[in-house]
Protein chains: 2
Amino acid sequence: MIVKTFAIGKSVMKKSTLIPQYRRLYEILRKHIEEGIYREGDLLPSENELCATYGLTRPTVRHALDELVKDGFIKKQKGKGSIVHSLPKGIGILSVAGTTSALGSLDLETRILVKPEIRPWEEDFFFPLPDHLRESGCIYMERLRLINGKPLFYDITYLPNINLPRFTSRSFENRSLFDTLRTSYQIDVTGGEQRIWAIKVTPEIARYLEMKPEEPVLHLERKIDTNRVGFSFFSSLYCNTSEHALFGVF
Amino acid sequence: MIVKTFAIGKSVMKKSTLIPQYRRLYEILRKHIEEGIYREGDLLPSENELCATYGLTRPTVRHALDELVKDGFIKKQKGKGSIVHSLPKGIGILSVAGTTSALGSLDLETRILVKPEIRPWEEDFFFPLPDHLRESGCIYMERLRLINGKPLFYDITYLPNINLPRFTSRSFENRSLFDTLRTSYQIDVTGGEQRIWAIKVTPEIARYLEMKPEEPVLHLERKIDTNRVGFSFFSSLYCNTSEHALFGVF
DNA sequence: GGATTTAACTTGTAATAACAAGCTAAATAC
DNA sequence: GTATTTAGCTTGTTATTACAAGTTAAATCC
């Protein structure tokens with residue numbers, strides 16, 4: 001085989017063992033899509049072109065594309081190609097869609113109500129907790145997310161306190177918890193479970209979300225699994241859907 | 001290569017071209033899981049065992065297992081095996097979880113309010129409609145789903161009226177729309193989009209769901225894509241979450 | 001010019017091979 | 001007996017090859 005010296009392909013140094021090649025290509029293409037190099041409806045380079053460009057073989061390229069499909073960045077069509085979808089899938093449900101305004105034009109802000117701090121897990125936690133998590137406590141965090149200055153989400157996050165160097169000192173001002181875990185700690189979300197209710201807003205939540213009492217509010221409880229065995233984290237979330245719907249691609 | 005005459009593997013007849021082998025293995029394992037042959041927490045046979053049993057190679061077997069992972073039937077762990085998860089992922093959100101009772105013990109009933117009928121698409125449909133769907137009208141259906149005799153879902157479904165022989169005469173008493181499409185028409189759900197709100201129940205919906213006025217109710221609007229290009233269907237759903245939460249695996 | 005065929009793309013399926021890395025239990029050393 | 005090592009499993013990654021099948025546009029025929 002003729003060895004070509006490209007970005008991903010097998011170079012002489014073998015430090016590539018850390019991160020798989022399909023994952024690296026995934027990150028590159030994902031970045032390109034998020035940066036707008038490929039736009040909605042565009043065709044990605046064909047699999048064979050990607051092979052040639054990055055010095056990989058088709059199974060590897062296809063693996064990367066499969067991940068992009070799974071995460072909702074592209075759709076594939078036989079005989080045609082990989083079509084950029086651009087709507088990030090988020091996790092089951094995550095994004096916000098206004099009735100009139102486009103997503104990009106929204107002024108999104110995240111306010112930290114309780115900075116990441118280590119505390120014991122709550123006694124009657126809303127998901128059954130494995131014992132190995134109970135021992136070392138959890139990283140607790142409360143955030144409020146606002147759109148155009150109006151509060152929309154009230155989000156309580158619980159992470160296992162194991163082996164996340166410098167985590168509590170990080171900033172989570174932008175919606176970057178998932179990105180932070182992915183890029184700084186190589187923790188990928190692989191799935192999870194969620195429960196959803198429509199409830200009447202409680203006085204406390206109403207205060208955070210600036211809602212009138214008795215108004216309906218969306219309540220989500222989520223367990224989020226990762227590729228790191230035993231590392232799951234949790235989120236309890238309240239959302240005012242009077243002006244914006246929760247939007248999800250699956 | 002030594003040809004073995006197993007259930008899936010290449011036999012002399014080549015009618016196997018219709019349905020891919022990984023898909024057949026997927027259906028077999030899925031059925032086994034749903035029938036309880038493999039139970040929650042069990043390990044599936046190893047990939048090599050599945051290869052030997054069904055006369056397939058590892059890439060094919062892995063493809064089938066990947067699909068099972070994607071649909072939430074199993075989870076894989078390196079060095080260990082494929083662990084049966086049993087909770088079907090449904091589509092984003094579908095299943096119902098009671099606060100106390102287990103899923104299996106629930107008495108589930110589906111009542112048809114409006115039998116499948118062909119009618120034109122609504123003028124201001126809640127998802128943008130491709131032109132090729134508009135022409136041939138839609139199959140319209142209203143269903144009510146009850147748990148222990150109490151109505152829980154009110155579901156309006158819209159399907160494109162193209163090439164579904166005998167569809168309107170089928171029964172949809174049990175929760176089998178997705179199964180029917182999958183097994184009778186080889187239509188697989190590949191993804192979709194959904195919007196979710198918590199709203200105050202309208203008088204009409206309150207009547208169907210036997211709720212008091214002003215109570216919060218969950219509202220979902222979903223576009224569901226399939227492997228058949230151009231064939232997407234739609235669902236508008238209202239759910240009373242006062243006693244049961246919507247449950248989803250992703 | 002217009003309809004049809006063909007050729008050159010695209011992604012989808014499948015077999016084969018080899019090694020890496022995580023997990024577990026049996027074998028070994030102390 | 002207990003702790004450690006090892007061997008043999010498991011899934012994960014990657015390359016190679018070949019053909020099938022859907023899409024599209026150029027070439028051909030009429």
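The model shown is predicted, which means the values in this text are computed figures rather than measured ones. Every chain is numbered from 1, with letters handed out A, B, ... down the list of sequences.
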Might you work through the salt bridge (Lys or Arg N to Asp or Glu O under 4.0 Å) test for A:K31 and A:E34, ending with a clear yes or no?
-> CA-CA 5 Å; A:K31 203 168 193 173; A:E34 286 181 337; over 6 Å; no

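Side-chain proximity of A:E49 to the nucleotides D:dT14, C:dT10, D:dA18 is greatest for C:dT10. Closest to the B:R58 side chain, of the nucleotides C:dA14, D:dT10, D:dG12, is D:dG12. Listed nucleotides C:dA14, D:dG12, C:dA15 differ in distance to B:P20; the shortest reach to its side chain belongs to C:dA14. Nearest to the side-chain atoms of A:T57 among the listed nucleotides C:dG12, D:dT11, D:dA15 stands D:dA15.
The CG-P distance, from B:L50 to C:dA15, rounds to 14 Å in whole Å. Per the geometry, NZ belonging to B:K76 stands 15 Å off P belonging to C:dC23, to the nearest Å. When the P atom of C:dA18 is taken as reference, atom CG of B:N48 falls 14 Å away, rounded to whole Å. Atoms CG (B:L25) and P (C:dT13) sit 14 Å apart, rounded to a whole Å. A:I19 has its CD1 atom 16 Å from the C1' atom of C:dA20, to the nearest Å. One atom, CD of A:E47, and another, C1' of D:dA15, lie 15 Å apart when rounded to the nearest Å. In this entry the distance linking CD of B:Q21 with P of C:dG12 reads 17 Å, nearest Å. Summarising the geometry, the separation between CD1 on B:I83 and P on D:dT10 is reported as 14 Å, rounded to the nearest angstrom.
Salt bridge B:E67/B:K70: present, at least one basic N to carboxylate O contact under 4.0 Å.
Dashed line: the shortest gap from a side-chain N or O of B:T60 to OP1 or OP2 of C:dT13 is not under 4.0 Å. Put simply, B:Y22 has a side-chain N or O that comes within less than 4.0 Å of OP1 or OP2 on C:dT13. Proximity of A:R62 to the phosphate of C:dT11: no side-chain N or O atom is located under 4.0 Å from OP1 or OP2.
Here B:D225 pairs with A:K75, B:T190, B:K223, B:S232 under the side chain to side chain contact (heavy atoms under 4.5 Å, CB included) rule; sequence neighbours left out. In this structure, the ring pair (Phe, Tyr, Trp, His ring centres under 6.0 Å) partners of A:F125, at least two apart in sequence or on a different chain, are A:W121, A:Y158, A:F234. For A:Y26, there are no ring pair (Phe, Tyr, Trp, His ring centres under 6.0 Å) partners at least two apart in sequence or on another chain. Applying the ring pair (Phe, Tyr, Trp, His ring centres under 6.0 Å) rule to B:F233 yields the partners B:F178; only residues at least two apart in sequence or on another chain are considered. Not counting sequence neighbours, the partners of A:S136 by the side chain to side chain contact (heavy atoms under 4.5 Å, CB included) test are A:I162.
Counting non-hydrogen atoms under 4.0 angstrom, A:S46 reaches the backbone sugars and phosphates but no base.
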Tabulate atom names and distances for all N/O pairs under 3.5 angstrom spanning the protein and nucleotides 23-25 of chain D.
| from | atom 1 | to | atom 2 | distance (Å) |
| --- | --- | --- | --- | --- |
| D:dT23 | O4' | A:G79 | O | 3.3 |

